[in-house]
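Remarks on the structure that follows.
What's counted below: heavy atoms across the whole structure, side chains too, no hydrogens, waters or symmetry copies.
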Amino acid sequence: VSQSRYFYADRVMKKKEFIVLALDDGQPKFTIQLKVQDSRMEVRQIVGICNKYLTSAEQKKYTTSFAKSLKIREEQLKKKE
């Protein structure tokens, strides 16, 4: 097993990186690899099923949707405080 796998696993366990599975109509569509840096979540990679890369239009569409979802959730959490 390569050292990079251990490095990645360590970052996931420390909650410095996340993998999000995105569904479309209840079916797996793609995964998003997120990196947490300076209290911000940054998209590192978006890959479709079978490691197929998304078109630029798909990537833009889903990046926008994901950012909107995070903003809505952040606002919900602030209201609970």
Side-chain angles (χ1 to χ4, degrees):
V1 177
S2 69
Q3 288 296 105
S4 63
R5 285 186 183 175
Y6 288 119
F7 175 75
Y8 176 73
D10 185 58
R11 292 188 58 80
V12 169
M13 287 188 289
K14 291 180 179 175
K15 297 185 182 350
K16 294 185 181 267
E17 293 203 19
F18 297 87
I19 297 292
V20 177
L21 174 63
L23 304 175
D24 190 3
D25 291 328
Q27 298 297 315
K29 181 72 175 176
F30 55 88
T31 58
I32 304 169
Q33 181 180 354
L34 301 165
K35 177 181 177 183
V36 178
Q37 185 171 349
D38 300 326
S39 300
R40 293 191 60 198
M41 205 173 265
E42 171 186 309
V43 175
R44 292 194 64 187
Q45 181 173 279
I46 300 176
V47 180
I49 55 175
C50 300
N51 287 328
K52 176 185 166 245
Y53 286 89
L54 303 178
T55 66
S56 59
E58 288 174 319
Q59 189 161 354
K60 182 178 178 181
K61 172 185 169 185
Y62 292 119
T63 298
T64 301
S65 296
F66 190 69
K68 184 177 178 181
S69 297
L70 287 175
K71 186 170 181 72
I72 290 168
R73 183 62 179 145
E74 180 182 12
E75 290 170 3
Q76 290 172 340
L77 292 172
K78 284 181 181 178
K79 287 180 183 178
K80 289 184 179 182
E81 292 178 350

Worksheet item: Is I49 reachable from Y62 through a run of hydrophobic residues whose side-chain heavy atoms are each under 4.5 Å from the next?
Response: no
Discussion item. Please determine whether the number of non-hydrogen atoms from other residues, nucleotides or ligands lying under 6.0 Å from atom CG of D24 exceeds 12.
Written reply: yes
Practice prompt. Could you pull out the closest heavy-atom pair between K15 and V36, with the gap in Å?
Written response: O-CG2, 4.0 Å
Worksheet item: Measuring from K16:NZ to L34:CG, what's the distance to the nearest 0.5 Å?
Response: 15.0 Å
Worksheet item: K68 versus I72: any side-chain heavy-atom pair under 4.5 Å?
Response: yes
Worksheet entry | K78/E74 ion pair, N-O < 4.0 Å | yes
Fill in: NZ/K35: more than 12 non-hydrogen atoms of other groups inside 6.0 Å
yes
Worksheet entry | Heavy-atom side-chain proximity of I46 to F30 below 4.5 angstrom | yes
Worksheet item: How far apart are the closest heavy atoms of L21 and P28, and which atoms are they?
Response: CD1-CB, 4.1 Å
Fill in: Side chains of K80 and Q76 in contact at under 4.5 Å (non-hydrogen atoms)
no
Worksheet item: Would you call K29 and E58 a side-chain contact if the rule is heavy atoms closer than 4.5 Å?
Response: yes
Worksheet item: Rounded to the nearest 0.5 Å, what separation is found between the CZ atom of R11 and the CD atom of E17?
Response: 4.5 Å
Fill in: Hphob cluster co-occupancy, V47 + V20, side-chain heavy atoms under 4.5 angstrom
no
Discussion item. I need the I19 CD1 to R44 CZ distance, nearest 0.5 Å.
Written reply: 9.5 Å
Worksheet item: Is it the case that one hydrophobic cluster holds both Y53 and V43, taking links as side-chain heavy atoms less than 4.5 Å apart, direct or via other members?
Response: no
Worksheet item: Roughly how far apart are T55 OG1 and K60 NZ, rounded to 0.5 Å?
Response: 11.5 Å
